[in-house]
Participant: 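One structure is given below, represented as structure tokens, and several questions about it will come after.
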Amino acid sequence: MDHTIKFWKKGDFAASFGLFVNVLTDFLVMISLLIGVVGMPKEFVFKQIVPGFGLAVLISGCVFAYFAYKLAKKTGRHDVTALPSGSSSPGIFLIVFVIMLPLYHQTNDAAFTTAVGVLWCFFEATMLIIGAFLGETLRKFVPRTVLLAALAGLAFVFLGMNPMLQSFEMPIVAFVALIIIFMNWLSKHPVLKKIPTGLLLIVVGTAIAWIAGYQSPAAVAEALKSFGFNPPMLHLNGVFDHISAALPYLLTAVPLGLSNYIFNLENVEAAAVCGDEYKTRDVMLTNGVCSAIGGLCGNPFPVTVYVGHAGWKEVGAGIGYSIASSVAIFLLSILSLMGLLLAVVPIAAIVPMLVFIAIVTGHQVVKESPKFEAPAIFVCFFPWVATWALTAVNNAISATGMSVGTGANQVSSEALHNAGLFYDGLVALGNGAPITSVLWGCIAIFTIRNTPIGGIVAAALGAVLTFVGAIHTNTIGLAQPTAMPFVWGYLLIVGFLAYKLYVNKKANIGPVTEENEKLIA
């Protein structure tokens, strides 16, 4: 049956370009933060960190393609879609601002700073590898609606909102791309069927951008100046000499490790809903090992399953897009030409694809969830909206040369509150969003189902994670003053749900299901 398995299909073109640009965008953000914010030497970043990251993405993308091939071979299906692979977006900001920025400013030593970041990455990867053997158990405990809704929340605010804002910065290009997507991917009656939609988007969008003067030959020439050959190499000399320096930072890997872990669960579940049942253990082991390999080559940024499997499947992607996008990222990383593509092709011609992925991911949870569980979907969205808003507010304040605090050149949270911005609430709800989204989704859905025991477990877990500082606070630490009100809040939820459990048993009231909900209605 092997000869019937196609490694490249019509839909792989659009999917490979869309996934490539998504990962490339994170890549460029990472590079700009390291060079522009941290202040690391450009040559060091391009010679050590960038090739190591490109290698990690290459290996994970190819392994995910292999998993898809095995699944297609086992089932005899022709519509298997590989899981997308890319960077951990929260990890980029956490590593840069919590570890690398303060360390580099203290030492002015790029190699030392990166070595500490690499040890952090090893620790995070180890958590994922160990946790891989518990993944299937957690998938059975956490309701499918919650996993899909939490993933949809992330997709909506980070994969959909930012690209939509970028689209509205260049409407002449982006509006054409959006209407082509609506006609060809959302409508059942596409136009220009013989031309792959992804190719149509890029060609039309690029032509309009060059005619309108948005792109320039000067930008292409400038991008070519960074050309150079920098293959990934082992960077182990002295790495483990810095363990003592890394220890204070390793605890910050706990919340990201948990977040990445949940993120993997969500994406595996989303793929299963589409009919592509991958083994959670294999996926998590792949991400953990690939992150560690990237670390051995001097890259401190972990890789993970990227959101969007349902969307890429919708456009007809199969196995080849995963290989093509990861190979393209790797080639650009070792040739230091990440900016060249965006100098030729306008970002506004491509990011509408990501808007589409966000739409499809959101539609998936609505389509696959029982109607009576729908309120829990929106509960899962709140933490993601908060973390997106928190990032936007912090970046905006930083752009003015200020920060949030009480000292000189700082704006107080009280002043923001008086202006109608509940900043303290954003901090509390936005920190640990991947975990908080799932916890509150579980509390909501088990309450809706009238199975309080599940909500009790979720609320108790929320109390523990808050007590250690994994959620709702800026830093890890036991019983922080800002965390304790949330701990007591979660324990009160436990108390109320325990009372509900008692009432149910006394009145012999059973759980709510889709069938008996229809009867009640």
Side-chain angles (χ1 to χ4, degrees), residues 88-103 117 120 123-124 127 150 153-154 157-158 246-263 302 379-398 402-407 410-417 421-443 457-494:
S88 169
S89 300
I92 292 175
F93 290 97
L94 182 62
I95 294 169
V96 167
F97 288 105
V98 176
I99 299 175
M100 304 188 81
L101 180 62
L103 267 182
W120 184 98
F123 186 72
E124 196 269 346
M127 289 183 60
L154 178 145
V157 297
F158 283 107
L247 283 176
Y249 299 97
L250 292 185
L251 281 178
T252 63
V254 174
L256 182 65
L258 289 172
S259 300
N260 248 355
Y261 186 80
I262 291 172
F263 192 48
V379 173
C380 292
F381 272 48
F382 285 117
W384 285 114
V385 174
T387 196
W388 180 84
L390 179 64
T391 302
V393 170
N394 285 341
N395 289 346
I397 293 175
S398 297
M402 303 179 72
S403 60
V404 180
T406 56
Q410 292 183 320
V411 57
S412 69
S413 59
E414 183 180 356
L416 293 173
H417 187 281
L421 177 64
F422 303 107
Y423 184 80
D424 292 337
L426 281 181
V427 171
L429 185 56
N431 276 306
I435 303 170
T436 308
S437 178
V438 171
L439 285 177
W440 276 93
C442 285
I443 291 171
V457 172
L461 184 57
V464 172
L465 291 173
T466 307
F467 185 80
V468 300
I471 55 176
H472 303 317
T473 60
N474 285 319
T475 58
I476 291 285
L478 296 178
Q480 298 176 72
T482 55
M484 290 312 296
F486 297 99
V487 173
W488 290 116
Y490 279 117
L491 292 178
L492 285 171
I493 291 176
V494 170

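No hydrogens, no waters, no symmetry mates; every other heavy atom, side chains included, goes into these values.
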Participant: What residues, two or more places apart in sequence or in another chain, satisfy side-chain contact (heavy atoms from CB on, under 4.5 Å) together with Tyr423?
Facilitator: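 Only Leu390, Val393, Asn394, Val404, Ser413, Leu416, Val427 meet the side-chain contact (heavy atoms from CB on, under 4.5 Å) criterion with Tyr423.
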Participant: Do Val379 and Ile443 have side chains that get closer than 4.5 Å, going by heavy atoms?
Facilitator: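 Answer no - side chains too far apart.
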Participant: So, for Trp384 and Pro434, which heavy atoms are closest and what is the spacing to 0.1 Å?
Facilitator: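 Answer, listing the atom of Trp384 first, then Pro434: CH2-CG, 3.4 Å.
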Participant: Within the 4.5 Å heavy-atom criterion, are Phe382 and Ser437 side-chain neighbours or not?
Facilitator: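 No; the side chains remain at least 4.5 Å from each other.
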Participant: For residues Phe467 and Gln480, determine if any side-chain heavy atom of one lies less than 4.5 Å from a side-chain heavy atom of the other.
Facilitator: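 They are not in side-chain contact.
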Participant: Kindly write out the residues that satisfy side-chain contact (heavy atoms from CB on, under 4.5 Å) with Ala415, not counting sequence neighbours, or none if the list is empty.
Facilitator: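 side-chain contact (heavy atoms from CB on, under 4.5 Å) list for Ala415, sorted by chain: Val411, Ser412.
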Participant: Would you please test Leu421 and Leu426 for side-chain contact (heavy atoms from CB on, under 4.5 Å) and show each step?
Facilitator: CA-CA 9 Å; Leu421 177 64; Leu426 281 181; 3.8 Å; yes
Participant: Is the shortest heavy-atom distance from the side chain of Cys442 to the side chain of Val457 under 4.5 Å?
Facilitator: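 In short, these two side chains do not touch, never coming nearer than 4.5 Å.
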Participant: Between Thr387 and Pro383 (side chain of the first, backbone of the second, donor and acceptor by atom type, cut-off under 3.5 Å), is there such a pair?
Facilitator: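 Checking the backbone N and O of Pro383 against the side chain of Thr387, no donor-acceptor pair under 3.5 Å is found.
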Participant: Applying side-chain contact (heavy atoms from CB on, under 4.5 Å) between Ile471 and each of Leu461, Leu439, Asn431, Val464, report the one that passes.
Facilitator: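 Running side-chain contact (heavy atoms from CB on, under 4.5 Å) over Leu461, Leu439, Asn431, Val464 with Ile471 returns exactly one hit, Leu439.
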Participant: On the 0 to 90° scale, with breaks at 30° and 60°, tag the Trp440-Tyr490 ring pair as parallel, tilted or perpendicular.
Facilitator: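 Judged by the thresholds at 30° and 60°, the geometry between Trp440 and Tyr490 is tilted.
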Participant: With rounding to the nearest 0.5 angstrom, report the CD1 to NE2 distance, Ile435 to His472.
Facilitator: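 Atom-to-atom, Ile435:CD1 and His472:NE2 are 9.5 Å apart.
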